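The structure appears right after this line, and notes come after that.
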Amino acid sequence: MPTVYDLTFEQLTERLAGWGEPAFRARQIWRQLWQRAAGYEQMSDVSPALRERLADELPLGVELLDERTADRGATRKALLRLGGAHVVEAVLMGYPDRVTVCVSSQVGCAMGCTFCATGQMGLRNNLTAGEIAAQAVWARAEAAKLPATTPQRLTNVVLMGMGEPLANERHVFAALAKLTDPKAFGLGARHLTVSTVGLAPAIERLAAAHPQVGLAVSFHAASDELRDQLVPPNKLWPLARLEAAIQAWRAATRRRPSIEWALIDRVNDMDEQAELLAPIARRLHAHVNLIPLNPTPGYEVVGSSPARIRRFVATLERRGVNVTVRDTRGRGIEAACGQLALSASETADVAPST
Ligand code: SAH
Ligand code: SF4
C-alpha cells in the first residue's frame with residue numbers, strides 16, 4: 001500500500017477493528033490525518049504502541065526530502081517522496097487573499113512539450129490518488145509557516161505541477177473525490193483546478209465526473225500548425241476538437257475556463273497568434289493567463305520581452321479578451337511553471353512501477 005491516504009475510511013476502520021481497536025479510533029485517526037494534517041507522532045490521544053504499529057503497517061508515505069523557500073517565505077517548494085518510491089515536487093504559494101498549492105499528478109510526463117522541464121524528463125510513473133491528495137495534506141500543514149501577510153491557511157489546490165493530470169485520469173479523479181469529500185480533506189470543489197494540455201475526451205469526462213472543479217487548458221498556440229510543434233498531443237486532438245470539448249465542459253459546469261499561454265520569444269508571441277487566439281477565447285468565454293516562459297535546461301529559446309508581452313496583451317484586449325500576465329513566482333528556486341523536474345540523484349532510488 002503506497003500511503004495511508006490511499007485507504008478509504010471503511011478500509012481504515014476494518015484494519016483497526018482487526019487489531020482489536022474500538023470503532024471510534026478509526027474516526028479519531030482519520031480526522032487527524034486529513035483535517036489536522038497530523039502525522040502519527042503528533043496524535044497525542046493515540047497510545048505510543050498504536051502509533052508505532054500504524055507507522056509500521058499503514059505508513060503515511062510522505063517524506064520531505066528537501067525544501068526551498070523564496071519571496072520571504074511566501075513561496076515554498078518541497079521535494080517529497082511519496083509511497084516510498086515516487087519523488088515529486090509541490091509548490092505552496094501565499095498571496096494576500098489566498099494560499100494555493102500546485103501539486104503533481106505524475107513523476108515526469110509523456111506529453112513531450114519541448115519547453116517544459118517535466119516533459120524533458122519523460123514519464124517515470126503515475127501517482128496514486130492517495131499520493132496526489134497527500135501533497136495537499138502536506139500543504140495544509142505547511143500553510144501555517146507562511147508569513148502573516150497571507151491567510152496562513154490552504155485555500156486552493158491546482159493540479160499544475162509535474163505531469164499531465166488527464167493522462168493519469170483514474171487516479172486523478174479519485175484524488176479529486178478525496179480532496180472534496182467533506183469527511184476527508186473537505187475542500188470545496190470550486191477551489192480546485194485541473195490544468196491540462198488538452199486531452200479532449202478526458203475533459204468531457206472530467207465535466208461529468210467533477211462538474212464543480214475548475215479547468216485550465218494550456219494552449220500556447222492558436223493555429224494547428226504551430227500547436228502541433230509546441231504541444232504534440234495537438235496532433236491527436238487538434239484545436240477544433242479541443243474547443244468542442246471545452247464547450248461541452250462549459251455547458252456541463254457553467255464555469256469559465258482558463259487558457260494558459262507561455263509566451264516564447266518570436267515563437268508564439270506574434271500579433272498573428274494573438275489575433276487567432278482572440279476569437280477562440282471569446283467563443284469559450286475564457287480568461288487568458290499569459291506566463292512569460294520560464295527557463296529550462298533543455299530548451300534554448302527565451303521568454304518574451306516585457307515590450308512584446310505588452311503588445312500581445314494589447315492585441316487581445318482590443319478584441320475584448322480578459323487577460324492577465326501571471327507572476328513568475330518561484331523562478332529563483334526553479335519552482336515556477338514548467339521548471340519542475342528531478343535531477344538524476346533525486347530519482348536514483350526510484351524504482352519504476354505501474
Ligand atoms: N500538464 C499540465 C499541467 C502541468 S504544466 C499542462 O500542461 O497544463 C503547468 C503549466 O506550466 C502549463 O500551463 C504549462 O504549459 C506551463 N509550462 C510548462 N513549461 C513552462 C515554461 N518553461 N515556462 C512557463 N510555463 C510553462
Ligand atoms: Fe506535460 Fe504539461 Fe509539461 Fe506538457 S507542459 S510536458 S503536458 S507537464
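On a predicted model such as this, the values are computed, not experimentally measured, just so you know. Indexing begins at 1, ligand by ligand and atom by atom, following the structure's order.
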Does [X] come within less than 4.0 angstrom of ligand 1, counting non-hydrogen atoms of the residue?
X	value
Gly161	yes
Gly163	yes
Met162	no

Apply side chain to side chain donor-acceptor pair (under 3.5 Å) to residues His287 and Thr324 and explain how you reach the verdict. CA-CA 8 Å; His287 187 95; Thr324 36; 2.9 Å; yes

Determine, step by step, whether Glu67 and Arg76 satisfy the salt bridge (charged side-chain N to carboxylate O under 4.0 Å, His left out) criterion, reporting the C-alpha distance in whole Å, the side-chain angles of both residues, the deciding distance to 0.1 Å, and the verdict. CA-CA 7 Å; Glu67 180 168 22; Arg76 315 181 73 89; 3.5 Å; yes

How far apart are the closest heavy atoms of Pro211 and Ala208, and which atoms are they?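 Scanning both residues, the minimum pair turns out to be CD-O, 3.9 Å.
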
If you take all heavy atoms of Val101 and Ala136, which pair is closest and at what distance?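 That would be CG1-CA, 4.4 Å.
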
So which heavy atom in the protein is nearest [atom], and how far is it from that ligand atom?
atom	value
atom 15 (O) of ligand 1	His220 NE2, 2.5 Å
atom 25 (N) of ligand 1	Cys337 CB, 3.4 Å
atom 23 (N) of ligand 1	Asn294 N, 2.8 Å
atom 9 (C) of ligand 1	Met160 O, 3.4 Å
atom 13 (O) of ligand 1	Ser218 OG, 2.8 Å
atom 18 (C) of ligand 1	Gly338 CA, 3.4 Å

As a quick check of understanding, evaluate side-chain contact (heavy atoms from CB on, under 4.5 Å) for Arg227 and Leu239, giving each step before the final call. CA-CA 8 Å; Arg227 199 162 188 271; Leu239 284 163; 3.6 Å; yes

Neighbouring protein N, O or S atoms of atom 1 (Fe) of ligand 2 [cut-off: under 2.8 Å, no waters]: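 Listed by chain and number: Cys109 SG.
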
If we set the cut-off at 4.0 Å for heavy atoms, which region of [X] has an atom near ligand 1: side chain, backbone, both, or neither?
X	answer
Thr196	backbone
Thr296	side chain
Glu260	side chain

Compute both the distance and the angle, then confirm whether Arg53 meets the cation-pi test with Trp19: under 6.0 Å from the six-membered ring centre, within 45 degrees of the axis.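 Judged by the rule (NZ or CZ under 6.0 Å from the ring centre, within 45° of its axis), Arg53 counts as positioned above Trp19.
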
Do we get Arg27 above Phe24's six-membered ring, with its NZ or CZ under 6.0 Å from the centre and within 45° of the axis?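 Not flagged: Arg27 not positioned over aromatic ring of Phe24.
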
Counting heavy atoms not belonging to Glu317, are there more than 12 under 6.0 Å from its CD?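 Enclosed.
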
Apply the test ring pair (Phe, Tyr, Trp, His ring centres under 6.0 Å) to residues Trp30 and Phe9: give CA-CA distance (whole Å), side-chain angles for both, the deciding distance (0.1 Å), then the verdict. CA-CA 7 Å; Trp30 180 265; Phe9 176 66; 5.6 Å; yes

Would you confirm whether any non-hydrogen atom of the protein falls under 4.0 Å from atom 5 (S) of ligand 2?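 Yes, there is one.
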
Trace of the side-chain contact (heavy atoms from CB on, under 4.5 Å) decision for Gln106 with Leu123: CA-CA 8 Å; Gln106 299 182 307; Leu123 177 66; 3.8 Å; yes

Quick one: do the [X] and [Y] side chains pair a donor with an acceptor below 3.5 Å?
X	Y	value
Ser304	Asp265	no
Glu89	Ser104	no
Asn268	Gln273	no

So is there a nitrogen or oxygen of Phe115 less than 3.5 Å from a nitrogen or oxygen in ligand 1?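 By distance alone, the answer is yes.
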
Only heavy atoms count here, so choose which of Pro295, Cys109, Ser195 is nearest to atom 2 (C) of ligand 1.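 Selected option, by shortest heavy-atom distance: Ser195.
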
